[in-house]
Amino acid sequence: MPRVLSCIQPSGAVHLGNYLGALRNWVLGQHEADAFHGIVDLHAMVSVQEPGVIGAQTIELAAVLFAVGLDPDVATVFVQSHVPEHARLSWLMECTVSYGELSRMTQFKDKTAKGGTDFVPAGLFTYPALQAADILLYDTDHVPVGDDQRQHVEITRDIAVRFNQRYGAEVFRLPDAVVPKAGARVMDLQEPTSKMSKSNSAETGIIYLSDPPATVAKKFKRAVTDSENSVRYDRAAKPGVSNLLDILAACGGGDPAALAGDFTQYGPLKAAAADAVVATLEPIQARYRELMDDRAELSRLLRVGAHKAEVVASETYRRATEAVGFLPPG
Ligand code: AMP
Ligand code: TRP
């Protein structure tokens, strides 16, 4: 069975784009692979600096992951900082990747391009080394990620190849990025040419997994369409309408282009998309509340996940340090 790993940062509320573009695929994939999913709290420290916030977001995200259907008896769901090998291997990765390679990473260039006086943590620069550690620790075959993460998987491969060459041992397995087909991109309801995103979107353009039905209905009612009056699936010419059709298809089933034939006006299409989203979210929200009402159980599930992760990670880390040839503690 192939090993699959993907991780998500506890850096804010989870939205419909995260669910349809990532989490739902993790749930579907857990039965076809040996799945590992990390809540990467160390990564979140790059952008979240208020004390206490990361922990609170971590427990909420854990509840979301189980609520959407990751089964703790099937997939390994763990918190990155609970498995110390991530931070430890990250240093070995930092010494295997070059300053030049890290400087060329798009995410680093984009986030520092503005110049300005904002505090730029060194962790923003070395972030890919930590991500490489996440991936390589688990002998990962496939990394299901969005397009924006492809470069991070590529640099992970480069690091793995270099490490294996340098230390004369096949320590690390080379991972492949698995990027879902187009269509897994949920666009902002207010600005349908940009992707739904917690960093760029206005609140009214984002559907959160926690939004109550009335909020979902209101956001869809106000969704931006266009001034024509025909329902067609055409992402380039009609981004708003096509996004509604994509969301309807993703939540209610069917093919977006075929579904267009069921509607002559925008109002009913918006209502149908809203209903499909509400029906998708309701059971998730019910399970989320149950999980959040039993923190002891949630902590137990994360302990079990961390233990399973630790068994694999500690073995890989041992292999790596042995290959480097550190003096073993006597
Ligand atoms: P982020 O919230 O950007 O950290 O993304 C977490 C995961 O959700 C990544 O795998 C992204 O590729 C995915 N994702 C984020 N926004 C969207 C979106 N609007 N449509 C589809 N997938 C998304
Ligand atoms: N960098 C990823 C993101 O921002 C999160 C992440 C960290 C990740 N480690 C990973 C994703 C390992 C896949 C595999 O979305």
Side-chain angles (χ1 to χ4, degrees), residues 3-27 29 35-48 57 61 64-65 68 76 78-81 83 85-87 89-90 93 105-108 110-111 123-124 126-157 159-160 175-201 205-209 235 239 243 246-247 250-251 309 313:
R3 172 75 52 74
V4 158
L5 172 133
S6 193
C7 303
I8 182 166
Q9 295 192 43
S11 53
V14 177
H15 56 71
L16 191 65
N18 301 134
Y19 176 60
L20 296 176
L23 304 186
R24 196 165 68 163
N25 296 327
W26 296 7
V27 173
F36 281 69
H37 294 295
I39 299 175
V40 286
D41 52 351
L42 300 175
H43 278 98
M45 204 179 160
V46 167
S47 54
V48 183
Q57 291 182 165
L61 183 53
V64 167
L65 296 185
V68 298
T76 302
F78 65 96
V79 176
Q80 187 184 35
S81 69
V83 183
E85 283 76 11
H86 288 257
L89 187 65
S90 181
M93 303 289 95
M105 297 301 286
T106 322
Q107 178 174 302
F108 176 73
D110 287 352
K111 291 197 178 167
L124 182 62
T126 59
Y127 183 110
L130 180 58
Q131 184 159 348
D134 300 340
I135 296 170
L136 298 178
L137 274 176
Y138 297 93
D139 290 333
T140 304
D141 297 295
H142 305 303
V143 188
V145 281
D147 208 26
D148 55 335
Q149 292 296 317
R150 213 188 261 276
Q151 201 184 22
H152 283 144
V153 181
E154 284 306 312
I155 201 170
T156 299
R157 286 178 68 95
I159 295 174
D176 282 310
V178 181
V179 179
K181 299 186 271 329
R185 268 192 107 195
V186 180
M187 310 307 277
D188 183 321
L189 295 183
Q190 286 299 314
E191 223 181 290
T193 47
S194 16
K195 153 176 141 155
M196 187 179 286
S197 147
K198 57 196 164 219
S199 43
N200 302 329
S201 305
I206 309 181
I207 303 286
Y208 291 106
L209 254 50
R235 271 209 170 237
N243 189 37
D246 273 328
I247 293 173
C251 291

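Order of appearance sets the numbers: ligands from 1, and atoms from 1 within every ligand. Start at 1 with the first residue, then count along the sequence.
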task = Kindly confirm or rule out an N or O of His152 lying under 3.5 angstrom from an N or O of ligand 2.
result = no

key: Identity and distance of the protein heavy atom lying nearest atom 5 (C) of ligand 2   = Cys7 O, 3.8 Å

ask   = Is the backbone N or O of Ser194 less than 3.5 Å from a side-chain atom of Asp188, with the two atoms forming a donor-acceptor pair by type?
value = no

request  = Mind checking whether Ile135 contacts ligand 2 via backbone (N, CA, C, O), side chain (CB onward), both or neither, at a 4.0 Å heavy-atom cut-off?
outcome  = side chain

query = Closer than 4.0 angstrom: is that true for some heavy atom of His15 and an atom of ligand 1?
reply = yes

message = Out of all atoms in ligand 2, which are within 4.0 Å of some heavy atom of Leu5? Include the element for each.
response = 12 (C), 14 (C)

request  = Number the atoms of ligand 1 from 1 as they appear, then name those within less than 4.0 Å of a heavy atom of Arg185, with their elements.
outcome  = 20 (N), 21 (C)

remark   = Heavy-atom closest pair (Leu23 atom, Val64 atom, distance to 0.1 Å) is CD1-CG1, 4.1 Å

note = Numbered in order shown, the ligand 1 atoms found under 4.0 Å of a heavy atom of Lys198 are 2 (O)

query = What about Phe78 and Tyr138, are their ring centers closer than 6.0 Å?
reply = yes

key: Verdict with reasoning, Gln131 to His43, per side-chain hydrogen bond (donor to acceptor under 3.5 Å, both in side chains)   = CA-CA 8 Å; Gln131 184 159 348; His43 278 98; 4.5 Å; no

task = Go through the steps to decide whether Val4 and Thr140 satisfy the test side-chain contact (heavy atoms from CB on, under 4.5 Å), and finish with yes or no.
result = CA-CA 6 Å; Val4 158; Thr140 304; 5.9 Å; no

message = Looking only at distances, can you tell me whether any N or O atom of Asn18, backbone or side chain, sits closer than 3.5 Å to an N or O atom of ligand 1?
response = yes

query = Do you know which two heavy atoms are closest between Leu20 and Ala250, and how far apart they sit?
reply = CD1-CB, 3.9 Å

key: Proximal atoms of ligand 1 relative to Gly21 (non-hydrogen, under 4.0 Å)   = 21 (C), 22 (N)

request  = Say whether, by atom type as modelled, one donor and one acceptor occur between the side chain of Gln9 and the main chain of Asp41 under 3.5 angstrom.
outcome  = no

ask   = Salt bridge between Asp246 and Arg235, side-chain N to carboxylate O under 4.0 Å?
value = yes

request  = Apply salt bridge (Lys or Arg N to Asp or Glu O under 4.0 Å) to the pair Arg157 and Asp176, showing each step before the final yes or no.
outcome  = CA-CA 8 Å; Arg157 286 178 68 95; Asp176 282 310; 3.0 Å; yes

query = Looking at Ala22, which atoms of ligand 1 are within less than 4.0 Å of one of its heavy atoms?
reply = 7 (C), 8 (O), 10 (O)

key: Close-contact set for ligand 2 against Gln149 heavy atoms, below 4.0 Å   = 1 (N), 2 (C), 3 (C), 4 (O), 15 (O)

ask   = When you measure from the side chain of Ser6 to the backbone N and O of Pro144, does any donor-acceptor pair fall under 3.5 Å?
value = yes

note = If you scan protein heavy atoms around atom 9 (N) of ligand 2, the nearest is Asp134 OD2, 2.7 Å

request  = Give the atoms of ligand 1, by number and element, whose distance to some non-hydrogen atom of Val186 is under 4.0 Å.
outcome  = 18 (C), 19 (N), 20 (N), 21 (C)

query = Does ligand 1 have any atom that is closer than 4.0 Å to a heavy atom of Gln9?
reply = no

task = Any atoms of ligand 2 less than 4.0 Å from a non-hydrogen atom of Val143? List them with their elements.
result = 13 (C), 14 (C)

note = Val145 heavy atoms within 4.0 Å reach ligand 2 at atoms 13 (C)

ask   = How close does the nearest protein non-hydrogen atom get to atom 8 (C) of ligand 2, and which residue and atom is it?
value = Gln131 NE2, 3.4 Å

Donor-acceptor contact present, side-chain Arg150 to main-chain Val179, <3.5 Å = no

ask   = Purely on distance, is any nitrogen or oxygen of Gln9 under 3.5 Å from one on ligand 2?
value = yes

key: Subset of ligand 2 atoms that lie under 4.0 Å from at least one heavy atom of Ser6   = 13 (C)

request  = Return the minimal non-hydrogen interatomic distance between His15 and Met196, and the atom names on each side.
outcome  = CE1-O, 3.4 Å

task = Using a strict cut-off of 4.0 Å, indicate which atoms of ligand 1 neighbour a heavy atom of Met196.
result = 16 (N), 17 (C), 18 (C), 19 (N)

request  = Within a distance under 4.0 Å of any heavy atom of Tyr127, pick out the atoms of ligand 2 and give their elements.
outcome  = 1 (N), 2 (C), 3 (C), 4 (O)

request  = Spell out, as yes or no, whether a donor-acceptor pair under 3.5 Å connects the side chain of Gln57 to the backbone of Pro10.
outcome  = yes

